[in-house]
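First the proteins, then the strands, lettered A, B, ... as listed; each starts at 1.
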Protein chains: 2
Amino acid sequence: MSTATVSRALAGKSSVSPATKARVEAAAKQLGYVVSAAASSLASGRTRNVGVVMPYLDSWFFMAVLKGAQRTLADAGYDVTLYHLAPADGLEIDSESAQRRSRLFDEFLRRQRVDALIAVNLELDDHERTALGDLSRPVVGLGGPLPGLHTLSLDDTGVARLATDHLLALGHRSIAHITGDPDFERDFQMPATRRAGYEASLVEAGIEPDPLLVRHANFTIEGGYDATLRLLGDPRVHPTAIFAASDEMAIGALLAARDLGRTVPGDLSIVGIDGHDLADFFGLTTIDQFPEVQGQQVAQIVIDELTGQLQDAVDEDLPYELVVRRSTSRLREA
Amino acid sequence: MSTATVSRALAGKSSVSPATKARVEAAAKQLGYVVSAAASSLASGRTRNVGVVMPYLDSWFFMAVLKGAQRTLADAGYDVTLYHLAPADGLEIDSESAQRRSRLFDEFLRRQRVDALIAVNLELDDHERTALGDLSRPVVGLGGPLPGLHTLSLDDTGVARLATDHLLALGHRSIAHITGDPDFERDFQMPATRRAGYEASLVEAGIEPDPLLVRHANFTIEGGYDATLRLLGDPRVHPTAIFAASDEMAIGALLAARDLGRTVPGDLSIVGIDGHDLADFFGLTTIDQFPEVQGQQVAQIVIDELTGQLQDAVDEDLPYELVVRRSTSRLREA
DNA sequence: CTGAAAGCGCTAACAA
DNA sequence: TTGTTAGCGCTTTCAG
């Protein structure tokens, strides 16, 4: 039997008789033979490897996404090569992280080691956009609109409105918002978008948004805690509810409220965004965005594209869902 | 100029004149030329890619390790391929996760796509041990003794003794311990080892270990919380201190104590293990084991081995350090 | 449906 | 120090 037939049998091509295919597979299993990745890649141009670029490797949310993507890709027979790319903050032009960033685009990705790339929450400058284009490999973005690429993104306005409307429906009128610093984190202006959704909901309910009710934090529990201390300590405002732009900040808010002697939800209702593992433990009402499923979905799009099952451009909105727990309740009559 | 010279120049071989080397590099940069990974691998047998096998992708500790390893490897020019391998629990023989596990060893790793493997907290059965041996590629284990392989591990007994001795030195005599289930998690008997260290310290201090003071949890905040409720609610015991086998469980203990109206450290001292990001926020005394540095160290060993700078077997103990914060204090006189 | 043969783009001997 | 050349182990036309 020729090497060509073996190759075709193992690749699952249709033009092999079931009988020989079975024989090849049996022999391969018995010998423990596995195709050499390098030789196969060199001959075919396909690597069976997908790159995943993540902005953070120490955040619960992104790791949930990674977990979902890795599993889906591995089950389809793909390796996953992980790249870590700290978000550009526009300030440190030639910092270590900026060097790593350009090295990724100019060196690592050019080695032609990946069949496709998953870019999570990645904003690209012109140079990077060109570099990705030159790869002529599919790139799928998760979390923000990447012009010209397949993209899955969350409707941040809708999510923020749902959270705010939930609090409004419970009778709250003085609703504070804890969000990220719009200058620092460049995640597609996600903080700004969520804030806009929050304000739009208020306006529709006939409430004038009060800038004093908006506080900035860095998307961590600590940040949410500090912001909440500042908020609740400010004598000029008297919020009865807080909408935090992430569950971690919401958990920080919960702990801060408790430390200040406010009961949740008695004195203060709190809602977050994400669907964090700990939300259930803390009884936190949240808008779940199913990050692990996001990872699976984006991986599936990559697989479909690589196997030619995908024709049209993808530009979908991700699902989200209000999960009510015990951190929100009807406004207590004064 | 021949392709061979270019190859040598770009590989940084010594046998190239500085002048031509410079010319090659300039030309390469100008053309945006980067060596094709597949062709290079096929010809040389080297992939410049290191596999990392992790038991969990959703735990803070392992992600810190991954972050450190990924950065060190990327800075040395290596790609990182991530494999997720849920720990074998001995029960579900033919579960999905068992299938994924055998597929990793029998298919993915045989593709010869990695120059070396980092195995984090991975216990191997005989088949797997053989499979790794057949790769004839360096394997470095982090977190447990892998016979015959380079290994970095934490002295769990020493860590547990340090934590316990810290509490003893503060005057505590009734010290509880929250640890993992020794049957369920097969992390090299880590929970059992830590418990042994705890008991050894007590015995040395002339205290009889009380099984009622030991509670099992699953290494999460929730688990630590529940275990602490059970512990503090048990009328038969009156601990004045808790040593938890992880910071997450310690944080759970802290929250549980607070919910039961016990002040920390007034009524109860609490110490954990890990050096979690949140330890500082919660004022948690901990034994820091510097997980991110562990990742860097294990990556560096791999790099040294691959570049031939490593001769002897490595079997080192990892550093750890007591970090005292405000969750532990001297025993209050009754 | 199967076989023969021509590379894929590099690296590493070996020569020069 | 550089050039020449023979593969590395597959996949894929092209024939049969």
In whole angstrom, what separates [X]'s [atom1] from [N]'s [atom2]?
X: B:Leu42; N: C:dC8; atom1: CG; atom2: P; answer: 13 Å
X: A:Lys21; N: C:dT2; atom1: NZ; atom2: P; answer: 12 Å
X: B:Met1; N: C:dT11; atom1: CE; atom2: P; answer: 15 Å
X: B:Arg110; N: D:dC10; atom1: CZ; atom2: C1'; answer: 18 Å

By the 4.0 Å heavy-atom rule, please label B:Ser41 as base, sugar-phosphate, or nothing.
nothing
Base, sugar-phosphate or nothing for B:Arg111? Non-hydrogen atoms, less than 4.0 Å.
nothing
[N] phosphate, OP1 or OP2: any side-chain N/O from [X] under 4.0 angstrom?
X: A:Ser40; N: D:dG9; result: no
X: B:Ser7; N: C:dT11; result: yes
X: A:Tyr33; N: D:dC10; result: yes
X: A:Thr3; N: D:dC10; result: no

Looking at residues at least two apart in the chain, or sitting in another chain, which of them share a salt bridge (charged side-chain N to carboxylate O under 4.0 Å, His left out) with B:Asp79?
A:Arg111, A:Arg113
Along DNA chain C (nearest heavy atom to each residue), the more 5'-positioned of A:Arg8 and B:Ala38:
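Between the two, 5'-proximity favours A:Arg8.
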For the side chain of [X], counting heavy atoms from C-beta on, which of [options] is nearest?
X: A:Ser17; options: D:dT12, D:dG9, C:dT2; answer: C:dT2
X: B:Ser36; options: C:dC10, D:dG3, D:dC8; answer: C:dC10
X: B:Ser2; options: D:dT12, D:dG3, C:dC8; answer: D:dG3
X: A:Arg46; options: D:dG3, C:dT2, D:dT12; answer: D:dT12
X: A:Val16; options: D:dT2, C:dT2, D:dT11; answer: C:dT2
X: A:Pro18; options: D:dT2, C:dC10, C:dC1; answer: C:dC1

Between B:Ala4 and B:Ala43, name the one whose nearest nucleotide on DNA chain D is closer to the 5' end.
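This one resolves to B:Ala4.
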For A:Leu109 against A:Leu135, the heavy-atom pair lying closest together:
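Result for this residue pair: O-CD2, 3.2 Å.
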Checking A:Asp277 against A:Trp60: is there a side-chain donor and acceptor pair closer than 3.5 Å?
yes
Would you compute the distance between atom CG of A:Leu142 and atom CG of A:Leu149 and round it to the nearest 0.5 angstrom?
12.5 Å
Any side-chain heavy-atom pair of A:Val302 and A:Ile118 under 4.5 Å:
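Yes; the side chains approach each other to less than 4.5 Å.
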